[in-house]
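To start, the structure itself, in structure tokens.
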Amino acid sequence: PSIGQEVAIQFRSHAKPPQLLADLMIQQLREDNASTYTRLIVGERYLARGRLKEAIQQWEAILRKDPNSGPALNNLALTLIQDDATQIDRALERIERAFQLQPNNAELCDSYGEILMKQERFIEAIAKLERAIRLDPKRIATREKLQECYRQKGLNDMAEEQGKVIASLREKESL
């Protein structure tokens, strides 16, 4: 499995591994001997290429072995709603499980909020997104989602305040 991980890391950095090693990683994936880390990277690569079904397969394979893998639950939930809007309930189940396991993970809080937004459950989304920001105040994308939720609920002053914070964070990033 460690060879598969090394090959996956090379793919992630856009390096081309020797064909023999790439074939070995593919064999590990087929035989279900690949590590969780390898499958996470392979799933991310599929996702980056717009191959959502293949990405979903990788994360589901991880969850068959480790049903409590936070990254796999998170990635699966977000990819499900990208792939098929009718999968929103399944996506919500996955992100709820991940959140129960790691309630203080800002990334999971953000994803949970995003999925709730897709269901137009803006008040609940606000709670999750605000939690993500409390955990990691520099999350610009989370603040943008929060700003949209505030607008959807008519909380325009709060949305405007988030806009100011976002602008300030972007300014600091560019320095």
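Note that Lys153 lies outside the cation-pi zone of Phe122, set by a 6.0 Å cut-off to the ring centre and a 45° limit from the axis.
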Going through the distances and angles, do Asn104 and Arg131 end up as a side-chain contact (heavy atoms from CB on, under 4.5 Å)? CA-CA 8 Å; Asn104 293 321; Arg131 183 180 187 123; 2.9 Å; yes
For Thr36 and Lys65, run side-chain contact (heavy atoms from CB on, under 4.5 Å): C-alpha distance rounded to whole Å, both residues' side-chain angles, the deciding distance at 0.1 Å, then the answer. CA-CA 9 Å; Thr36 295; Lys65 288 184 178 182; 5.9 Å; no
For Arg39 and Trp59: C-alpha separation, side-chain torsions, deciding distance, then whether side-chain contact (heavy atoms from CB on, under 4.5 Å) applies. CA-CA 7 Å; Arg39 286 196 180 278; Trp59 295 316; over 6 Å; no
Given Glu124 and Lys128, is the side-chain contact (heavy atoms from CB on, under 4.5 Å) satisfied, shown in steps? CA-CA 7 Å; Glu124 293 168 87; Lys128 297 298 185 232; 5.9 Å; no
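The shortest distance between side-chain heavy atoms of Gln58 and Leu40 does not fall below 4.5 Å. A 4.5 Å side-chain heavy-atom check between Ile95 and Leu92 finds at least one atom pair inside the cut-off. Contact annotation: the side chain of Ile126 never approaches that of Met158 to less than 4.5 Å [non-hydrogen atoms, C-beta and beyond]. Side-chain contact check for Pro137 versus Arg143: some heavy-atom pair is nearer than 4.5 Å. A heavy-atom distance below 4.5 Å is found between the side chains of Leu73 and Leu101.
Between the CD atom of Gln87 and the CD atom of Glu93 there is a distance of 10.0 Å, given to the nearest 0.5 Å. Separating the CG atom in Asp83 from the NZ atom in Lys53 is a distance of 3.5 Å, to the nearest 0.5 Å. From Arg90, atom CZ reaches atom CG of Leu80 across 4.5 Å, with rounding to the nearest 0.5 Å. Rounded to the nearest 0.5 angstrom, Asn105 CG and Tyr112 OH are separated by 14.0 Å. Between the CG atom of Asn68 and the CD atom of Gln100 there is a distance of 10.0 Å, given to the nearest 0.5 Å.
Linking ILVMFWY residues whenever their side-chain heavy atoms come closer than 4.5 Å, directly or via other members, leaves Ile81 and Leu76 in distinct clusters. By the rule that hydrophobic residues join a cluster once side-chain heavy atoms approach within less than 4.5 Å of another member, Leu108 and Leu78 end up as members of one cluster. By the criterion of side-chain heavy atoms lying less than 4.5 angstrom apart, applied directly or through intervening Ile, Leu, Val, Met, Phe, Trp or Tyr residues, Met25 is grouped together with Leu21 in one hydrophobic cluster. Linking Ile, Leu, Val, Met, Phe, Trp and Tyr residues whenever their side-chain heavy atoms come within less than 4.5 Å leaves Ile166 and Ile133 in two separate clusters. Under a hydrophobic clustering in which Ile, Leu, Val, Met, Phe, Trp and Tyr are joined whenever their side-chain heavy atoms come within less than 4.5 Å, directly or via other members, Ile56 and Leu47 fall into the same cluster.
The two residues Ala125 and Cys149 make their nearest non-hydrogen contact at CB-SG, 3.8 Å. Nearest heavy atoms, Leu63 versus Ser69: CD2-O, 4.0 Å. Nearest heavy-atom pair across Pro103 and Cys109 is O-SG, 3.6 Å. Listed here is the closest heavy atom pair of Asp136 and Ala106: CB-CB, 4.0 Å. Residues Arg151 and Asn156 share a closest heavy-atom pair of CA-OD1, 4.1 Å. Residues Asp110 and Lys145 approach most closely at OD1-NZ, 2.5 Å, considering heavy atoms.
We find that Arg139 and Glu107 are joined by a salt bridge, their nearest charged nitrogen and carboxylate oxygen being less than 4.0 Å apart.
Counting non-hydrogen atoms of neighbouring residues, nucleotides and ligands closer than 6.0 angstrom, the CG atom of Asp157 reaches no more than 12 such neighbours.
When only modelled atom types and interatomic distance are considered, Asp23 and Gln19 share a side-chain donor-acceptor pair under 3.5 Å. Gln152 and Glu148 form a side-chain donor-acceptor contact under 3.5 Å, judged by distance and modelled atom types alone.
In this structure, Gln28 contributes its side chain and Asn33 its backbone to no donor-acceptor pair below 3.5 Å. In this structure a side-chain-to-backbone donor-acceptor pair under 3.5 Å is present from Arg97 to Pro67.
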